[in-house]
Number of protein chains: 2
Amino acid sequence: MARKRTVPQHPFSGTGEQEELHIPLDRDRIVRTALRVLNEFGLKELSMRKIADELQVKTASLYYHVKDKEQLLQLIGDKISEEMDRPDPDLSWQEQLIQWGHAFRRVLHRYRDAVDLFNGGIAMGYHRLLQIERLYQIFASAGFADGHIPWMASMVKNHVLGFVAEEVRLKGMAGSGEEAQAQLSEEYARFFRSLPSEQFPNMIRLASHTTDTGWQEEFEFGLDVLMDGFRQRLTD
Amino acid sequence: MARKRTVPQHPFSGTGEQEELHIPLDRDRIVRTALRVLNEFGLKELSMRKIADELQVKTASLYYHVKDKEQLLQLIGDKISEEMDRPDPDLSWQEQLIQWGHAFRRVLHRYRDAVDLFNGGIAMGYHRLLQIERLYQIFASAGFADGHIPWMASMVKNHVLGFVAEEVRLKGMAGSGEEAQAQLSEEYARFFRSLPSEQFPNMIRLASHTTDTGWQEEFEFGLDVLMDGFRQRLTD
DNA sequence: ACCTGAACACCGTTCAAGT
DNA sequence: ACCTGAACACCGTTCAAGT
């Protein structure tokens with residue numbers, strides 16, 4: 001309970017967290033606040049006005065520190081990728097790739113709607129570039145051809161992004177919880193089986209597999225497929 | 001009054017298309033108009049109000065035929081996938097997969113921001129499901145294991161979506177035209193080389209490869225990698 | 001059944017003005 | 001240098017009312 005000089009504070013502020021007043025706004029504070037708002041409300045409801053409110057500041061003030069919402073979104077995306085763990089360079093390229101994939105997936109799960117953030121717009125932030133650099137590094141020291149490296153890196157990145165997009169979408173349709181998950185799975189299977197059997201024979205036959213949510217297994221299956229494909233481009 | 005369903009068919013329906021008659025609204029007309037607006041203005045500026053204006057109708061009228069914008073977007077996505085060519089079932093599964101990939105890529109290029117449309121939201125429209133069914137069909141008749149088929153189909157779909165997303169983004173940054181394309185490439189290469197060489201050794205070394213826009217070649221490289229990976233899951 | 005007027009509750013962004 | 005008041009030009013959606 002620190003004493004403030006200018007603004008009256010309710011005596012019972014509860015948490016022992018010291019809140020300094022008059023902290024001047026800056027980019028980083030805006031980005032961190034935006035990240036909190038994102039996790040609470042989701043990307044669709046992340047508005048400049050909400051962020052400003054949260055900062056106890058007028059909306060227009062944000063525009064002194066940030067060009068526009070698009071730029072703020074970029075900064076958020078960069079902040080998120082900053083949290084990616086780096087692969088252990090002593091492992092084989094396959095194991096490093098798997099680590100990279102898991103690190104990316106983890107971070108995409110840590111923030112609400114992070115996938116959509118990464119899917120929209122061009123990525124030029126420092127930390128996002130750094131993650132790509134790491135991918136390049138893995139492929140380069142494995143001995144892949146220079147001309148193939150950016151292509152393969154894109155594929156790995158796109159695979160994780162696409163996979164998590166689907167994962168989040170499907171998981172998000174049920175409330176969280178194992179229970180709701182299984183129930184949704186059942187609902188889905190019923191939906192697939194209700195399709196006209198003339199046009200959708202395979203969907204119907206594979207309904208149980210389609211809705212079987214072995215996410216971890218599917219994710220690693222994908223990485224394995226990619227790595228097998230890559231391996232054949234290694235000029236032995 | 002009772003001329004609701006009357007088609008304005010003048011015997012001399014000449015070249016001019018000045019049918020200012022009151023054609024009743026319906027879903028399909030809304031979707032087709034939305035598609036035109038999309039191609040002219042892009043997804044970010046595709047508003048219910050603009051679509052209504054284009055149809056010479058008040059905005060609120062749209063909501064009689066369509067639940068909300070989200071649903072309209074789904075319908076647009078489904079309309080787009082309706083235009084995908086179907087692979088020739090007499091070819092090998094590899095060739096069919098390549099055809100499917102190219103067909104999807106073509107259709108994603110035919111409409112502005114189609115990628116973002118496909119990336120957002122869950123896909124349950126008839127024609128989108130039909131495209132997945134076709135993928136399943138290809139894998140099934142190639143003899144892949146049931147449990148792997150939906151996973152591989154997802155990978156192919158995600159690869160095309162992710163690839164075209166990047167393609168469109170980069171192409172979109174320059175104005176169209178070979179000239180501007182090459183110029184952007186140069187600009188990019190300069191940017192990459194301007195990075196701190198300590199942190200980005202590979203990016204810098206690979207700058208020319210990264211910005212070398214052999215889209216067609218890269219696209220097929222990706223499909224080949226996937227197919228090589230898939231092939232190894234074929235239980236011979 | 002189909003369409004509209006009018007409102008509601010929001011947006012992002014700008015800019016002269018204040019401190 | 002930093003922040004705000006006030007406006008501008010938009011949004012999607014609802015719903016009683018009209019035909």
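Throughout, protein chains are lettered first and strands after them, A, B, ... in sequence-line order, and every chain is numbered starting at 1.
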In whole Å, I'd like the distance from the [atom1] atom of [X] to the [atom2] atom of [N].
X     : N      : atom1 : atom2 : value
A/L73 : C/dG12 : CG    : P     : 10 Å
A/L55 : D/dT4  : CG    : P     : 11 Å
A/R49 : D/dC10 : CZ    : C1'   : 11 Å
A/D53 : C/dC10 : CG    : P     : 11 Å
A/E45 : C/dA9  : CD    : P     : 16 Å
A/M48 : C/dT13 : CE    : C1'   : 9 Å
A/Y63 : C/dA16 : OH    : C1'   : 18 Å
B/K44 : D/dG12 : NZ    : C1'   : 15 Å

Point to revise | Distance, nearest 0.5 Å, that separates CZ of B/R128 from CE of B/M84 | key: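 Interatomic distance, B/R128 CZ to B/M84 CE, rounded to 0.5 Å: 11.5 Å.
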When you measure from the side-chain N and O atoms of [X] to the phosphate of [N], is any distance below 4.0 Å, counting only OP1 and OP2?
X     : N      : result
B/Y64 : C/dC2  : yes
A/H65 : D/dC3  : yes
A/K69 : C/dG12 : yes

Point to revise | Minimum-distance nucleotide to A/A60 side chain [options: D/dA7, D/dA6, D/dC3] | key: D/dA6
Review point. Of the candidate nucleotides D/dG5, C/dG5, D/dT13, which contains the atom at the shortest distance from the side chain of B/K58?
Key: C/dG5
Point to revise | Distance-only polar pair, side chains of B/R134 and B/Q99, donor-acceptor under 3.5 Å | key: no
Practice item. Could you give me the CA-CA distance, side-chain angles and deciding distance for A/W100 and A/F104, then say whether ring pair (Phe, Tyr, Trp, His ring centres under 6.0 Å) is met? Key: CA-CA 6 Å; A/W100 192 96; A/F104 193 21; 5.3 Å; yes
**Study point:** Residue pair B/R32, B/D28: steps toward the salt bridge (charged side-chain N to carboxylate O under 4.0 Å, His left out) verdict
**Key:** CA-CA 6 Å; B/R32 273 164 22 227; B/D28 198 57; 2.8 Å; yes
Practice item. Quick one: look up who C/dC11 pairs with, Watson-Crick or G-U, both distances under 3.5 Å, and put none if it's unpaired. Key: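 Per the H-bond distance test, none.
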Review point. Considering every strand shown, what is the Watson-Crick or G-U wobble mate of C/dG18 when both distances are under 3.5 Å?
Key: D/dC2
Review point. Looking only at heavy atoms, what is the nearest atom pair of B/V156 and B/L226, with distance?
Key: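 Reported closest heavy-atom pair: CA-CD1, 4.2 Å.
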Review point. Which part of the nucleic acid does B/S47 contact within heavy-atom distance under 4.0 Å: base, sugar-phosphate only, or nothing?
Key: sugar-phosphate
